[in-house]
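Take a look at the structure set out below.
Heavy-atom basis, side chains included; hydrogens, waters and symmetry copies ignored. In each ligand, atom 1 is the first atom listed, and ligand 1 is the first ligand listed. Residue numbers count from 1 along this sequence.
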Amino acid sequence: MAEDLIIQKGNKQEQYLSLIPQIKALLEGESDLVANLANIAGALKEQFNWFWVGFYLVKGDQLVLGPFQGPVACTRINKGRGVCGTSWAKSETLIVPDVEKFPGHIACSSLSKSEIVVPLIKDGIVWGVLDVDSEMLNHFDETDKIFLEQIVDCIKS
Ligand code: SME
């Protein structure tokens with residue numbers, strides 16, 4: 001497959017609608033999880049240029065940093081801690097418009113202002129999370145939730 005991503009201009013929905021088939025094409029025929037997570041993080045970063053986008057994977061009773069794009073980040077997060085650990089504990093997507101108002105938020109970078117975390121679920125069990133951080137307040141909404149959930153649904157663990 002071609003490795004060049006076509007970057008779509010336009011509103012958020014138009015950008016996701018262009019990106020999702022390209023992500024599916026990237027994953028097609030590749031069974032290696034780390035390779036696929038790395039390409040998804042890369043594709044999302046290229047399209048949206050978010051401050052930080054990447055994965056944490058459940059290992060024992062912690063989330064451990066996986067493939068990501070952006071500044072270096074905390075490596076381990078306990079279940080129920082921060083936005084990622086809470087998304088894991090609740091098995092649900094969390095949209096945080098202002099991270100300073102989220103009790104227990106883990107500040108890997110003081111530049112991060114808002115965040116969305118989407119759990120990766122197989123057979124009812126969370127096996128990781130997709131975490132996206134923005135330098136802008138209130139950056140993420142239901143559109144991001146809908147499309148990012150579609151994207152993580154494409155990942156085969
Ligand atoms: N802020 C996250 C931690 C991960 S970093 O933002 C990359 C949290 O509270 O879970």
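- Contact residues of ligand 1 (protein heavy atom closer than 4.0 angstrom to a ligand atom; sorted by chain and number): W52, Y56, A73, I77, G82, V83, C84, H105, I106, C108, E115, D131, D133.
- Under 3.5 Å, the side chains of Q62 and N78 contain a donor-acceptor pair of N or O atoms.
- More than 12 non-hydrogen atoms from other residues, nucleotides or ligands lie less than 6.0 angstrom from CG of L111.
- Residues satisfying the salt bridge (Lys or Arg N to Asp or Glu O under 4.0 Å) test with K101, not counting sequence neighbours, are D98.
- Partners of K12 according to the salt bridge (Lys or Arg N to Asp or Glu O under 4.0 Å) rule, which considers only residues two or more places apart in sequence or in another chain, are D141, D144.
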List the atom pairs, with distances to 0.1 Å, where a side-chain N or O of residues 46-56 and a protein N or O form a donor-acceptor pair under 3.5 Å, not counting sequence neighbours.
residue: Q47; atom: OE1; partner: Q8; partner atom: N; Å: 3.1
residue: Q47; atom: NE2; partner: Q8; partner atom: O; Å: 2.7
residue: Q47; atom: NE2; partner: Q15; partner atom: OE1; Å: 2.8
residue: W52; atom: NE1; partner: P71; partner atom: O; Å: 2.9
residue: Y56; atom: OH; partner: C74; partner atom: O; Å: 2.7

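- E115 and S134 share no donor-acceptor pair across their side chains, judged by distance under 3.5 Å alone.
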